Amino acid sequence: MKKHTGMRPQDIPILLKIIAYNRRNEEWQMKNLAFHLGISQSEVSESLNRSMEAGLIDESKKTVNRLALVEFLIHGLKYVFPQKPGAITRGVKTAHSAPPLDKMISSDTIYVWPDAYGQDKGQAVEPLYPTLVQPCRVDDDLYQLLALVDAMRVGKAREQALAKQEIERLILGDGK
């Protein structure tokens with residue numbers, strides 16, 4: 001196994017996809033993660049190894065350490081994978097502009113993942129990994145989790161506080 005050299009952006013969506021599978025009681029294998037996220041199987045394997053070394057997944061690489069993941073998402077993510085909103089572009093809503101926070105926060109500021117087929121216009125927020133827009137179109141659980149992650153990355157204190165509550169609810173609690 002390679003030496004752990006720190007987390008990479010794709011590690012977060014991979015762990016969140018596992019959470020999404022578990023929320024639906026779906027069986028999965030590494031090839032499913034690769035296919036559904038548009039990430040190569042070798043990169044998924046390396047990602048799971050990094051996450052295991054970081055204590056975010058167990059040795060079987062099947063069970064996410066939910067408490068550790070939530071702690072990282074809430075306290076470390078914005079420092080490890082910072083993001084500043086960019087120019088106005090067409091895309092798919094994220095952060096407080098997407099579910100579930102869009103029902104809790106009224107804002108004139110819209111954040112989007114840049115996407116030529118997106119239906120909304122807003123400030124660009126680069127997704128953690130370039131291939132994530134398409135999987136989020138077909139997986140609402142993953143979409144909500146990644147939007148909450150973006151709220152932690154780009155949101156102000158209020159958005160981050162609400163995102164924290166929702167992350168805890170969806171990952172630790174019942175979350176249905």
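Nothing here was measured: the structure is a model prediction, and the numbers come from that model. Below, all heavy atoms of this structure are taken into account, side chains as well, without hydrogens, waters or symmetry copies.
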Considering only heavy atoms from C-beta outward, does the side chain of I171 approach that of V64 to under 4.5 Å? no
Between R169 and E166, does any NZ, NE, NH1 or NH2 come within less than 4.0 Å of an OD or OE carboxylate oxygen? yes
For the atom pair CG (L77) and CG (L128), what is the distance rounded to the nearest 0.5 Å? 6.0 Å
Distance-only, no hydrogens or angles: does the R137 side chain make a donor-acceptor pair with backbone N or O of V92 under 3.5 Å? no
Approximate separation, where rounding is to 0.5 Å, of I88 CD1 and I110 CD1: 8.5 Å
With L69, which of I57, L16, I74, I18 fulfils side chain to side chain contact (heavy atoms under 4.5 Å, CB included)? L16
To the nearest 0.5 angstrom, please state how far the CZ atom of F35 sits from the CD atom of Q29. 14.0 Å
Member of R24, Q134, H36 meeting the side-chain hydrogen bond (donor to acceptor under 3.5 Å, both in side chains) criterion with D139: R24
Would you say T94 and L146 make side-chain contact, with heavy atoms under 4.5 Å? no
Grab the two heavy atoms, one from I105 and one from R158, that are nearest each other, plus how far apart they are. CG2-NH1, 3.9 Å
Determine, stepwise, if the pair T89 / K121 fulfils side chain to side chain contact (heavy atoms under 4.5 Å, CB included). CA-CA 5 Å; T89 189; K121 278 188 147 185; over 6 Å; no
Can you tell if the side chain of D102 reaches within under 4.5 Å of the side chain of P99, non-hydrogen atoms only? yes
Judged by atom type as modelled, is there a donor-acceptor pair below 3.5 Å linking the side chain of H75 to the main-chain atoms of E71? no
For a 4.5 angstrom cut-off between non-hydrogen side-chain atoms, does S51 reach L15? yes
Can you tell me how far the CZ atom of R23 sits from the CG atom of L170, to the nearest 0.5 Å? 5.0 Å
S45 side chain to Q41 backbone, donor-acceptor under 3.5 Å: no
Any V112 side-chain heavy atom under 4.5 Å of S97 side chain: no
How close do A34 and S40 get, heavy atom to heavy atom, and via which atoms? CB-C, 4.0 Å
Would a 4.5 Å heavy-atom cut-off, applied to side chains only, mark P100 and L148 as touching? yes
Walk me through whether E26 and N32 qualify under side chain to side chain contact (heavy atoms under 4.5 Å, CB included). CA-CA 11 Å; E26 287 182 36; N32 302 111; over 6 Å; no
Which residue pairs pass the ring-ring contact (aromatic ring centres under 6.0 Å, His included) test with at least one member in residues 95-117, sequence neighbours excluded? H96-Y111, W113-Y143
Donor-acceptor contact below 3.5 Å, side chain T131 vs main chain L37: yes
Taking the six-membered ring for Trp, are Y21 and W28 parallel (under 30°), tilted (30 to 60°) or perpendicular (over 60°)? parallel
According to a hydrophobic-cluster definition based on side-chain heavy atoms being under 4.5 Å apart (Ile, Leu, Val, Met, Phe, Trp, Tyr only), do L132 and I167 belong together? yes
Quick one: does R66's side chain have a donor or acceptor within less than 3.5 Å of a partner on L172's backbone? no
Test: E43 and R50 ion pair at under 4.0 Å: yes
Taking NZ, NE, NH1 and NH2 as the nitrogens, is one of them in R8 or D11 under 4.0 Å from a carboxylate oxygen of the other? no
Other members of the hydrophobic cluster containing V138, with the 4.5 Å side-chain heavy-atom rule, please. none
Distance-only, no hydrogens or angles: does the E159 side chain make a donor-acceptor pair with backbone N or O of K156 under 3.5 Å? yes
For atom CD of E59, decide whether the heavy atoms of other residues, nucleotides or ligands shown that lie under 6.0 angstrom number more than 12. no
Minimum heavy-atom distance between P13 and P9, given as atom pair plus value: CD-O, 2.9 Å
First locate atom NZ of K93, then atom SG of C136, and finally report the distance between them rounded to the nearest 0.5 Å. 15.5 Å
Under 3.5 Å: donor-acceptor pair, side chain of Q83, backbone of E126: yes
State whether the side chain of Q160 and the backbone N or O of M152 hold a donor-acceptor pair below 3.5 Å, judged by distance alone. yes
Can you check whether K61's main-chain N or O pairs, donor with acceptor, with D58's side chain at less than 3.5 Å? yes
Going through the distances and angles, do Y129 and I14 end up as a side chain to side chain contact (heavy atoms under 4.5 Å, CB included)? CA-CA 10 Å; Y129 197 76; I14 289 170; over 6 Å; no
Who passes salt bridge (charged side-chain N to carboxylate O under 4.0 Å, His left out) against K78, sequence neighbours left out? none
Drop me the distance from D141's CG to I19's CD1, to the nearest 0.5 angstrom. 10.5 Å
Taking the side chain as everything from C-beta on, heavy atoms only, tell me whether Q123 gets closer than 4.5 Å to V154. no
